[in-house]
Peer 1: 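Sharing a structure, written as structure tokens. Questions coming.
Only heavy atoms go into these numbers, but all of them, side chains included; no hydrogens, no water, no symmetry mates.
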Amino acid sequence: MKEELPEKASNFIEQIIRDDLESGKIEKVITRFPPEPNGYLHIGHAKSICLNFGLGELFGGECNLRFDDTNPTKEEKEYVESIKEDVAWLGFNWANLRFASDYFDDFFKWALELIEAGKAYVDHQPADEIRKNRGSLTEPGKNSPYRDRTIAENRDLFCKMREGELGEGDCVLRAKIDMAHPNLNMRDPVMYRILHQSHHRTGDKWCIYPMYDFAHGYEDAIEGVTHSICTLEFEDHRPLYEWFLDNVSVPHRPRQFEFARLNMTYTVMSKRKLLELVTQGCVSGWDDPRMPTISGLRRRGYTPSSIRTFCKKIGVSKANSLVDVELLHHCIRDELNLSATRVMAILRPLKLVIENYPEDKIEELEALNNPESDIPTYRKIPFERELFIEQDDFMEDPPKKFFRLFPGAEVRLKHAFFVKCTGFKKDAGGRVVEVRCIYDPRSRGGESPDGRKVKGTLHWVSVSQAAKAEIRLYDHLLTLRDMDAMEEGEDFKDYLNPASMERLTECRVEESLVNAKPGERFQFLRHGYFFADHDHSSKMPVFNRIVSLRDSWAREMKKSD
RNA sequence: UGGGGGAUCGUCUAAUUGGCAGGACGCUAGACUCUGGAUCUAGAAGUCGGGGUUCGAGUCCCUGUCCCCCAGCCA
């Protein structure tokens, strides 16, 4: 096992585990991914999933999927199902599927243990009183007047809480630690609150629910978790995590480690904000292809492996960071470059008429499916007198270094012939509606007949044979590179990109694409990588642009702006 | 102004624990090309500041600065 490990740990947490294994502190690594089922998973969660499950796999250990469902007011079954689907889709297998709610009896028992030890008490102060008496960052808190109740009284009250004899907010169970502690989290944190709420799994069995800090370490202890990995904001909860474990008879002693959560350019990553986008209709749903959710990326056309590669490349550290979304783009391009079949699709059609090509002739040409593939395969594509080319590929009066069609220019039609532009027609509004050309029959297949070179190669489809399709182009959902740099008082929705989606409904694609299955990926030559959406049908093919190809001409144009 | 963390090319992340600051994305230039794609080659670009220890400091010491998190009966 150890022989198979790479020489160097790829991050600091992996290094800690290697050391723990080496020193014999642990024999088998057990981790967990502990989402709260109150929203859909996003790419930030993918980082945590890859870390936790990845560590389990790397060391021959285990990783559990555990739902941290201790707050029935926010949690729903729908979220549980989506989370399971997303984790599985990313390619990970959980050793055990668990719920914090499975452990409610144990939590209750341990709470009683703390009460019996004089380390927990029932507090009848109202919520705002508790807040006031917590003190501030610079001032110590004040002890609750209920802090010194007898053990018997606390036991009795706590049982009444559980029996449903008290109303929400009447009282809470608190740990008795230190109201003057410099770490606010240690100032007698709440362990249980009363919630007359039915729970998605335990139904009406409970009307008191444990708080995260109290419950989380116990969940880890029950499952034998060795390395409990969470994000940076829980760093000052670690003393509490330890306090709860130290003060009752737990079966196992886990340890907590923290890493920096993922932030990405032009993206928001909080569940609250993503939920807001969904509920306010800024996007079509959790799986809108512009969303950074796993389901959104899936529907956009990202592969699980590209997301895993991304998570590997961003690394794991404790420094707050903002990862360039270009790295994600790179990961999917890099993968699809090798695997995606190349086809031709015209997003904005412009008719090209070949004046010296016979009216009713259609000939079949051979097209290479993927130049990156070791074993070349070919398909037939129909060629005729009238074709569609891209509107962008013709200019009446082009700038310098424009390699495409303009009056007098010769280009290659991919896999087909050289054509030379002889003229064009405009409509009444001055828009170019047709380009005329002549072709060189000796250049069949796109080969130069006499060694002469052309700079440009255009993609095309035949007018009579091509299929109509809808193509959806996506761009950043937000226009601000660093959404954390928003000014005070601004709403992140002020930065919604009005051009984040463009629906093109007059596209023409090779007729073979009519038979594409939803979920298939292609490279549309010179455009990018596309994914047959689940709206796709042979009647109306629908493709999402996953990511564009790198476009050095567009970059060149930008420079001269 | 209490407590907890953090600071290395534009961005993300390494540096055998005191020994040539490396990689990736992005960027620039060139080569190549039946995708202005891909590929290849080259290049610019970094240790938060000030002191100190040392033959030698990103790493150790002192000092300062800046950034993030915490005052839910959320997680």
Side-chain angles (χ1 to χ4, degrees), chain A residues 7-8 10-11 34-36 38 68-71 73-75 123 125-127 130-132 134-141 168-174 181-187 189-195 209 211-213 215-216 230-239 258 260 262 265 271-272 313-331 333-334 337-338 342 344 368 371-372 401-404 411-416 418 443 445-448 454-459 481 484 523-528 548-556:
Chain A
E7 206 160 306
K8 264 182 8 187
S10 58
N11 61 64
E36 184 189 10
N38 68 343
D68 213 347
D69 54 352
T70 57
N71 184 355
T73 62
K74 298 203 293 186
E75 296 153 7
D123 192 354
Q125 292 181 108
I130 288 183
R131 191 181 333 111
K132 225 178 288 166
R134 188 151 26 225
S136 73
L137 294 180
T138 48
E139 298 154 324
E168 287 188 14
D170 286 356
C171 59
V172 291
L173 183 69
R174 290 232 255 171
H181 199 107
N183 179 344
L184 289 293
N185 295 124
M186 298 295 273
R187 319 242 259 231
V190 173
M191 294 164 54
Y192 269 97
R193 75 284 216 190
I194 298 169
L195 254 21
Y209 292 92
M211 300 287 289
Y212 170 89
D213 285 314
H216 203 87
C230 62
T231 44
L232 253 28
E233 66 270 27
F234 292 102
E235 223 154 4
D236 17 300
H237 293 242
R238 195 182 336 124
E258 309 85 13
L262 171 66
T265 53
K271 283 198 221 173
R272 200 209 91 226
K313 281 181 186 284
I314 58 177
V316 177
S317 76
K318 295 191 71 160
N320 295 323
S321 62
L322 179 66
V323 174
D324 196 330
V325 70
E326 282 306 319
L327 184 59
L328 216 211
H329 294 165
H330 164 78
C331 292
R333 278 193 193 111
D334 203 40
N337 176 46
L338 299 178
R342 271 63 166 172
M344 297 199 280
L368 178 60
E372 301 293 330
K401 292 198 279 184
F402 184 77
F403 300 155
R404 290 114 92 145
V411 298
R412 171 172 30 240
L413 295 177
K414 181 79 179 174
H415 307 306
F418 283 16
S443 60
E447 301 292 343
S448 176
V454 290
K455 275 292 224 179
T457 299
L458 309 190
H459 60 282
R481 176 183 153 84
D484 285 335
Q523 185 194 105
F524 289 179
L525 230 52
R526 301 210 295 142
H527 281 304
S548 66
L549 252 25
R550 292 181 75 228
D551 187 345
S552 48
W553 173 243
R555 240 182 297 143
E556 188 75 24

Peer 1: Check every atom of B:rG36, B:rG2, B:rG3 against the side chain of A:L184 and return the nucleotide holding the closest atom.
Peer 2: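 The answer is B:rG2.
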Peer 1: Starting the side chain at C-beta, find the nucleotide from B:rA14, B:rG6, B:rA75 nearest to A:M211.
Peer 2: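 Within the option list, the nearest is B:rA75.
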Peer 1: P atom, B:rC60 versus B:rG6: distance in rounded Å?
Peer 2: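 That atom pair is separated by 12 Å.
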Peer 1: A:L327 or A:L232: which one's nearest nucleotide on RNA chain B is closer to the 5' end?
Peer 2: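 Between the two, 5'-proximity favours A:L232.
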Peer 1: Which part of the nucleic acid, if any, lies within contact of A:E168, taking any heavy atom under 4.0 Å across all strands shown: a base, the sugar-phosphate backbone alone, or nothing?
Peer 2: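 No contact.
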Peer 1: Using the C1' atom as the point on both nucleotides, what is the distance between B:rA21 and B:rC9, in whole Å?
Peer 2: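 Rounded to whole Å, the distance is 11 Å.
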Peer 1: Given atom CG of A:N320 and atom P of B:rG6, what is their separation to the nearest angstrom?
Peer 2: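 So the two atoms are 10 Å apart, to the nearest Å.
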Peer 1: Going by heavy atoms in the side chains, are A:T70 and A:M211 under 4.5 Å from each other?
Peer 2: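 Contact flag for A:T70/A:M211 side chains = no.
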Peer 1: Name the one of A:L328, A:L327, A:L322 that satisfies side chain to side chain contact (heavy atoms under 4.5 Å, CB included) with A:T265?
Peer 2: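 Going through A:L328, A:L327, A:L322 one by one, the side chain to side chain contact (heavy atoms under 4.5 Å, CB included) with A:T265 is satisfied by A:L322 alone.
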Peer 1: When the P atoms of B:rU11 and B:rC48 are considered, how many whole Å apart are they?
Peer 2: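 Per the computed distance, 12 Å lies between those P atoms.
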Peer 1: Is a donor-acceptor pair below 3.5 Å formed from side chain A:E326 to base B:rU11, judging by atom type as modelled?
Peer 2: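 When only heavy-atom distances are counted, A:E326 does not reach the base of B:rU11 through any donor-acceptor pair under 3.5 Å.
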Peer 1: On RNA chain B, check which nucleotide each of A:H415 and A:S321 is closest to and give me the residue with the more 5' one.
Peer 2: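 Nearest nucleotide further toward 5': that of A:S321.
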Peer 1: Check the distance between B:rA75's P and A:E235's CD and give it to me in whole angstrom.
Peer 2: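 So the CD-P distance, A:E235 to B:rA75, works out to 20 Å.
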Peer 1: Can you tell me how far P in B:rU8 sits from the matching atom in B:rA14, rounded to whole Å?
Peer 2: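 Their P atoms lie roughly 11 Å apart.
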Peer 1: Can you tell which of B:rC74, B:rA15, B:rA71 lies closest to the side chain of A:E36?
Peer 2: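 The nucleotide sitting nearest to the side chain is B:rC74.
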Peer 1: Between the base of B:rG4 and the side chain of A:E258, is there any donor-acceptor pair under 3.5 Å?
Peer 2: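 Answer is no: no donor-acceptor pair is held.
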Peer 1: Strictly by Watson-Crick or wobble contacts shorter than 3.5 Å, is anything paired with B:rC25, and which nucleotide is it?
Peer 2: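 By the stated definition (distances under 3.5 Å), B:rG10 pairs with B:rC25.
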Peer 1: Start with the C-alpha gap between A:H237 and A:H216, add the side-chain angles, then the distance that decides, and say whether ring-ring contact (aromatic ring centres under 6.0 Å, His included) holds.
Peer 2: CA-CA 11 Å; A:H237 293 242; A:H216 203 87; over 10 Å; no
Peer 1: Looking across every strand, which nucleic acid part, if any, lies under 4.0 Å from A:K74 by heavy atom: base, sugar-phosphate, or nothing?
Peer 2: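 Since a base atom lies under 4.0 Å of A:K74, the category is base.
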Peer 1: Does B:rU17 pair with anything, Watson-Crick or G-U wobble, both distances under 3.5 Å, and if so, with which nucleotide?
Peer 2: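 Here B:rU17 is not engaged in any pair, so there is no nucleotide opposite it.
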Peer 1: What is the distance from CD of A:E233 to C1' of B:rC74, rounded to the nearest Å?
Peer 2: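 Roughly 12 Å, once rounded to whole Å.
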Peer 1: Is there a side-chain polar atom (N or O) of A:R481 under 4.0 Å from OP1 or OP2 of B:rG10?
Peer 2: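 Answer is no, no contact under 4.0 Å.
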Peer 1: B:rC68 P sits how many Å from A:L322 CG, rounded?
Peer 2: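 Computing the A:L322:CG to B:rC68:P distance gives 13 Å.
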Peer 1: Tell me what A:I130 touches on the nucleic acid: a base, only sugar-phosphate, or nothing, going by heavy atoms under 4.0 Å.
Peer 2: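 Base contact.
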Peer 1: Expressed in whole Å, how much space separates the C1' atoms belonging to B:rG52 and B:rA57?
Peer 2: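 Each nucleotide's C1' atom is 11 Å from the other's.
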Peer 1: For a quick check of understanding: with a heavy-atom distance under 4.0 Å over all strands, which category does A:E139 fall into, base, sugar-phosphate or nothing?
Peer 2: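 Nothing, no nucleic acid heavy atom in range.
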Peer 1: Out of B:rG36, B:rC73, B:rG3, which has the shortest distance to the side chain of A:P182?
Peer 2: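 The answer is B:rG3, which lies nearest to the side chain.
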Peer 1: What does A:H181 touch in the nucleic acid at a heavy-atom separation under 4.0 angstrom: a base, only the sugar-phosphate, or nothing?
Peer 2: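 Result for A:H181 = nothing.
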Peer 1: What's the closest nucleotide to the side chain of A:N337 if the choices are B:rA38, B:rG72, B:rG36?
Peer 2: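 Closest of the options to the side chain of A:N337: B:rA38.
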Peer 1: Could you check which of B:rG36, B:rA71, B:rG6 has an atom nearest any side-chain atom of A:K318?
Peer 2: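 The answer is B:rG6.
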Peer 1: Answer whether the closest heavy-atom distance between the side chains of A:S548 and A:R333 falls below 4.5 Å.
Peer 2: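 In contact.
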Peer 1: Touch check for A:P371, heavy atoms < 4.0 angstrom, all strands: base, sugar-phosphate only, or nothing?
Peer 2: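 Since a base atom lies under 4.0 Å of A:P371, the category is base.
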Peer 1: I want to verify a distance call: between B:rC12, B:rA75, B:rG36, whose nearest atom is closest to the A:I314 side chain?
Peer 2: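 Closest nucleotide to the A:I314 side chain: B:rC12.
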Peer 1: Hey, does A:V190 reach any base, or is it just sugar-phosphate, or nothing, if we go heavy atoms under 4.0 Å?
Peer 2: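 Result for A:V190 = sugar-phosphate.
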Peer 1: Where the side chain of A:D236 is concerned, which of B:rA75, B:rG5, B:rG4 is the nearest nucleotide?
Peer 2: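 Comparing B:rA75, B:rG5, B:rG4 against the side chain of A:D236, the answer is B:rG4.
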Peer 1: In whole Å, I'd like the distance from the CZ atom of A:R342 to the P atom of B:rU33.
Peer 2: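 Distance check: A:R342 CZ to B:rU33 P gives 18 Å.
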Peer 1: Which nucleotide, B:rA75, B:rG37, B:rG5, lies nearest any side-chain atom of A:N71?
Peer 2: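 For the A:N71 side chain, the nearest candidate turns out to be B:rA75.
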Peer 1: For the residue pair A:D236 and A:L184, establish whether any side-chain heavy-atom pair is separated by less than 4.5 Å.
Peer 2: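 The answer is no, as the side chains (C-beta and beyond) never meet within the 4.5 Å cut-off.
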Peer 1: Kindly compute the distance separating CZ (A:R342) from NZ (A:K414), expressed to the nearest 0.5 Å.
Peer 2: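 Answer for the CZ-NZ pair, A:R342 versus A:K414, is 9.0 Å.
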Peer 1: Roughly how many Å is it from NE2 in A:H330 to C1' in B:rA38, rounded to a whole number?
Peer 2: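 Nearest whole value for this atom pair: 12 Å.
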Peer 1: Whole angstrom is fine here: how far is it from CG in A:D551 over to P in B:rG37?
Peer 2: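 The answer, rounded to whole Å, is 8 Å.
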Peer 1: Quick check on B:rG58: syn or anti? Syn means the glycosidic torsion is within 90 degrees of zero.
Peer 2: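 You should classify B:rG58 as anti.
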Peer 1: Using a cut-off of less than 4.0 Å, is there contact between a side-chain N or O of A:R412 and OP1 or OP2 of B:rG36?
Peer 2: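 Result: no.
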Peer 1: So, is A:H459 close to the B:rU35 phosphate, meaning a side-chain N or O under 4.0 Å from OP1 or OP2?
Peer 2: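 So the side chain of A:H459 is outside the cut-off, no N or O lying under 4.0 Å from OP1 or OP2 of B:rU35.
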Peer 1: Have a look at A:K455 and say if it touches a base, only the backbone sugar-phosphate, or nothing, with a 4.0 Å heavy-atom cut-off.
Peer 2: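 Counting heavy atoms under 4.0 Å across all strands, no contact is made by A:K455.
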Peer 1: I'd like the C1' distance from B:rG49 over to B:rU16, given in whole Å.
Peer 2: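 Going atom to atom, C1' in each nucleotide, I get 29 Å.
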Peer 1: Quick one: is A:R187 getting a side-chain N or O under 4.0 Å of the B:rG3 phosphate, OP1 or OP2?
Peer 2: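 No, outside the criterion.
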Peer 1: What contact category does A:F234 fall into here, base, sugar-phosphate, or nothing, at under 4.0 angstrom with non-hydrogen atoms?
Peer 2: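 Base, at least one base atom sits under 4.0 Å.
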Peer 1: Less than 4.5 Å apart, any side-chain heavy atom of A:D68 and any of A:E75?
Peer 2: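 Heavy-atom side-chain distance check fails, nothing below 4.5 Å.
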Peer 1: Side chains of A:F234 and A:Y212: does their closest heavy-atom pair fall under 4.5 Å?
Peer 2: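 They are in contact (side-chain heavy atoms under 4.5 Å apart), so the answer is yes.
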Peer 1: How long is the line joining CG of A:L262 and P of B:rC68, in whole Å?
Peer 2: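 Result: 18 Å.
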Peer 1: CG/A:N71 to CZ/A:R193 distance, rounded to the nearest 0.5 angstrom?
Peer 2: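 One gets 4.5 Å once the value is rounded to the nearest 0.5 Å.
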Peer 1: Kindly say if A:R526 contacts the phosphate of B:rG36, meaning a side-chain N or O under 4.0 Å from OP1 or OP2.
Peer 2: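 For A:R526, the contact criterion (side-chain N or O under 4.0 Å from OP1 or OP2 of B:rG36) is met.
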Peer 1: Do the side-chain N or O atoms of A:T70 get closer than 4.0 angstrom to the phosphate oxygens (OP1, OP2) of B:rA75?
Peer 2: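 Answer is yes, contact under 4.0 Å.
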Peer 1: Check the phosphate of B:rG36 against A:R555, side-chain N and O only, distance under 4.0 Å to OP1 or OP2. Yes or no?
Peer 2: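 Checking A:R555 against B:rG36: no side-chain N or O falls below 4.0 Å of OP1 or OP2.
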Peer 1: What's the gap between B:rU53 and B:rC70 when it is taken at their P atoms, as a whole Å value?
Peer 2: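 Per the computed distance, 42 Å lies between those P atoms.
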Peer 1: Is any side-chain nitrogen or oxygen of A:S317 closer than 4.0 Å to OP1 or OP2 of B:rU13?
Peer 2: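 Answer yes for this pair, as a side-chain N or O of A:S317 is under 4.0 Å from OP1 or OP2.
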Peer 1: If the P atom of B:rA7 is compared with that of B:rU13, how far apart are they to the nearest Å?
Peer 2: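 Comparing P positions in B:rA7 and B:rU13 gives a spacing of 9 Å.
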Peer 1: Can A:Q125 and A:K132 be said to form a side-chain contact (heavy atoms from CB on, under 4.5 Å), step by step?
Peer 2: CA-CA 10 Å; A:Q125 292 181 108; A:K132 225 178 288 166; over 6 Å; no
Peer 1: Do A:R550 side-chain and B:rG36 base share a donor-acceptor contact under 3.5 Å?
Peer 2: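 For A:R550, whose side chain was compared with the base of B:rG36, there is no donor-acceptor pair (under 3.5 Å).
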